[in-house]
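Just so it is clear: chains get the letters A, B, ... in the order the sequence lines come, proteins before strands, and each one is counted from 1.
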Amino acid sequence: MIDLRLLRQDPDGARVRLARRRDPAVDAMLDAILALDVQRRRILSRVESLKAERNKATEEVARRKRARESADDLMADLKASGDEVRALDAELREVETALEGQALGVPNLPAAECPDGDASANAVMRTWGTAPRFAFEPRPHWELGERLGILDLPRGAKLSGSGFPVFVGLGARLVRALENFMLDLHTREHAYVEVAVPLLLNRDSLVGTGQLPKFEEELYGVERDGLYLLPTAEVPVTNLHRDEILDGASLPRGYVASTPCFRREAGAHGKDTRGLIRVHQFDKVELVRLVRPEDSAAEHERITAHAEAVLQRLGLPYRVLSLAAGDIGFASARTYDLEVWAPGVNGWLEVSSASTFTDFQARRANIRYRPEPGAKPEFVHTLNASGLAFPRTIIALLENGQQSDGSVQIPEALAPYLGTDRLVPRA
RNA sequence: GGCGUGGUGGCCGAGUGGUUUAAGGCAGCGGUCUUGAAAACCGCCGAACCGGAAACGGUUCCGUGAGUUCGAAUCUCACCCACGCCGCCA
């Protein structure tokens, strides 16, 4: 959430910074917030001075009662002012509800380092590995998956609809292998604490990380119980410490979780959605870090390196993009996308998005820390990165590893987890 | 799902309508003592918001929301959560 005090102090500065997002709705929201903020403080000062008077008079009533004197005159006055206080309190609540509603819709301030412009201005920071050269036309993963007998999209569609893939045999084992491989890497070598978390989450959790109230249509909900299926483990893991004050000495904290993710992908059908490219349910290993504000830029580089390590171990060629201010997500201040090379579909696919949220999520989720024992609590900075999302990793493994005989070579680092170093087509 | 018990500060825990300005303890911070540390003793020690340059002043917060009252941690109602027993169930 935007810092209201900062906005009040320097509204034009906030406007200029937010303008880089190229969201035409933002200016009107800021106008509404500033007006509501003035209104709020006007009502607040009135109701607070009324309450101060009332508290004094109430004490006097108590004093007289103890002295067995009459307080009837005072009590009659207080009855009238009580009604006024109630009316003002109601008015205040209304203004505050409106104010919060607006404030929750304002995106995070982009970091100065973000390139200017929309998605076309995303900057390639570096490229790792080399794309394999084929003496034949490389096949897309949906063909490979079918021929290898590890992917069954039609049956997934039968069970749930398109975008719900079924993995069979070594395909299912590949999912399990990726999970164990990534979790082992991050816990053993990058010192993350593994957590297994709920997949159904309440509203507060989704507001905390910024999915709600704005992106309700992207979420699957269980309306009867007021719960939502997680779109990413970022939500439960970051919210682990919602409404807490952490010991400064315990920072930075790193958590890793492997979970399914559910996304409605409303309106995304038709383009770039074939096979496993864009699905409604997928598994992902997610990294989350809670850090001191002064460390967040360095921590952003670190968490990105942790995600990159997965691709490097798998020997998959990838590139790192710095997203432009007009392309970063709602809650993000700065994002690096990791895109893996997929020769079968002849394109770069996003397998990880590493973001720093500054204090935006911490403010919404009320996650604070004490810099020193006895010091005032401050908001932490939160970061996350996929490490990695499975379907596109599987796409890259199949399409980069494919051989002329239709088999697929599995990277050395993954083979022990899969129990074989080669996937072979069905007879 | 039914019945019962409970929810108080970073943690534990007292408090059944008005000096609660939430007792007491633990943890934390500062000090005395000590070569240093521990122990002991003394003092300080919640959060948010509003006004103010600051000093400071004010308001709110005892699971959440509504209500009764001049006044609510305390009384009433609804909801949420935890625990126990019963029922159902992997």
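The salt bridge (Lys or Arg N to Asp or Glu O under 4.0 Å) pairs that include a residue from residues 299-314 of chain A are A/Arg126-A/Glu308, A/Glu189-A/Arg313, A/Arg289-A/Glu299, A/Glu299-A/Arg302, where partners are two or more places apart or lie in different chains.
Under the Watson-Crick and G-U wobble criteria, each requiring two contacts below 3.5 Å, nucleotide B/C75 is paired to B/G67. With both pairing distances under 3.5 Å, B/G36 is matched to nothing as a Watson-Crick or G-U wobble pair. Pair assignment for B/A90 gives none, since no Watson-Crick or G-U wobble pairing has each distance under 3.5 Å. In this entry B/G4 has B/C83 as its Watson-Crick or G-U wobble partner, both defining distances falling under 3.5 Å. Searching all strands for a Watson-Crick or G-U wobble partner of B/C61 with both distances below 3.5 Å returns B/G46. Base pairing of B/C56: its partner is B/G51, meeting the Watson-Crick or G-U wobble criterion (both donor-acceptor distances under 3.5 Å). Remark: B/A22 base-pairs with no nucleotide in the shown strands. Criterion, Watson-Crick or G-U wobble with two distances under 3.5 Å.
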With a 3.5 Å cut-off and sequence neighbours excluded, list the donor-acceptor pairs that the side chains of residues 165-178 of chain A form with protein atoms.
residue  : atom : partner  : partner atom : Å
A/Arg173 : NE   : A/Leu418 : O            : 3.2

Would you list the atom pairs, donor with acceptor, under 3.5 Å between side chains in residues 91-105 of chain A and any protein atom, with sequence neighbours excluded?
residue : atom : partner : partner atom : Å
A/Glu96 : OE2  : A/Arg40 : NH1          : 3.1
A/Thr97 : OG1  : A/Arg93 : O            : 2.8

Close N or O pairs between protein and nucleotides 45-48 of chain B (under 3.5 Å):
residue : atom : partner  : partner atom : Å
B/A47   : O3'  : A/Arg368 : NH1          : 3.1
B/A48   : OP1  : A/Arg368 : NH1          : 3.4
B/A48   : OP2  : A/Lys376 : NZ           : 3.3

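Contacts between residues 44-61 of chain A and RNA chain B, defined by a heavy-atom separation under 4.0 Å, are made by A/Leu44, A/Glu48, A/Lys51, A/Ala52, A/Arg54, A/Asn55, A/Thr58, A/Val61.
Rounded to whole Å, the distance from CZ on A/Arg40 to C1' on B/U59 is 11 Å. Atom CZ in A/Arg8 sits roughly 9 Å away from atom C1' in B/C50 (whole-Å rounding). For A/Asp225 and B/C80, the CG to C1' distance is 13 Å, given to the nearest whole Å. Distance CG (A/Asn202) to P (B/C79): 19 Å, rounded to an integer number of Å. Taking atom CZ of A/Arg86 as the reference point, atom C1' of B/G67 lies 10 Å away to the nearest angstrom. In this entry the distance linking OH of A/Tyr369 with C1' of B/G28 reads 17 Å, nearest Å. As a whole-Å value, the separation of A/Gln9 CD from B/C50 C1' is 15 Å. Rounded to whole angstrom, the span from the CD atom of A/Glu244 across to the C1' atom of B/G9 amounts to 15 Å.
Partners of A/His306 by side-chain hydrogen bond (donor to acceptor under 3.5 Å, both in side chains), not counting sequence neighbours, listed by chain and number: A/Tyr192.
B/U32 and B/A37 have their P atoms separated by 11 Å, given to the nearest Å. Taking atom C1' in both B/G65 and B/A72, one finds a spacing of 15 Å when rounded to whole Å. A gap of 13 Å separates the C1' atoms of B/U76 and B/G17, to the nearest Å. A gap of 12 Å separates the P atoms of B/G25 and B/C44, to the nearest Å. Distance check on atom P: B/G6 versus B/C77 gives 14 Å, rounded to whole Å. Spacing between B/G10 and B/A48 at atom P, rounded to whole Å, works out to 10 Å. Using atom C1' as the reference point in both B/U8 and B/A23, the two lie 12 Å apart (nearest Å). Taking atom C1' in both B/C45 and B/C29, the straight-line distance is 7 Å, to the nearest Å.
Contact of the A/Val195 side chain with the A/Val256 side chain is not registered, since no non-hydrogen atoms from C-beta on lie closer than 4.5 Å.
Checking B/G51, B/A66, B/U69 against every side-chain atom of A/Arg41, the shortest atom distance belongs to B/G51.
The residues A/Arg364 and A/Asp204 are annotated as not salt-bridged, no charged nitrogen and carboxylate oxygen being separated by less than 4.0 angstrom. Electrostatic pairing of A/Asp295 and A/Arg253 does not count as a salt bridge here, judged by no charged N lying under 4.0 Å from a carboxylate O. Taking a cutoff of 4.0 Å between a charged side-chain nitrogen and a carboxylate oxygen, A/Arg278 and A/Glu265 qualify as a salt bridge.
Using a 4.0 Å heavy-atom cutoff across all strands shown, A/Arg203 reaches no nucleic acid atom at all.
Sequence order on RNA chain B of the closest nucleotides to A/Lys79 and A/Glu96 puts A/Glu96 first from the 5' end.
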List the steps and the verdict of salt bridge (Lys or Arg N to Asp or Glu O under 4.0 Å) for A/Lys214 and A/Asp23.
CA-CA 13 Å; A/Lys214 205 175 170 191; A/Asp23 177 350; 3.7 Å; yes
A/Arg147/A/Glu143 under salt bridge (Lys or Arg N to Asp or Glu O under 4.0 Å): CA gap, chis, key distance, verdict:
CA-CA 6 Å; A/Arg147 287 156 59 101; A/Glu143 284 183 28; over 6 Å; no
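A donor and an acceptor atom, one from each side chain of A/Arg368 and A/Asn366, are located under 3.5 Å apart.
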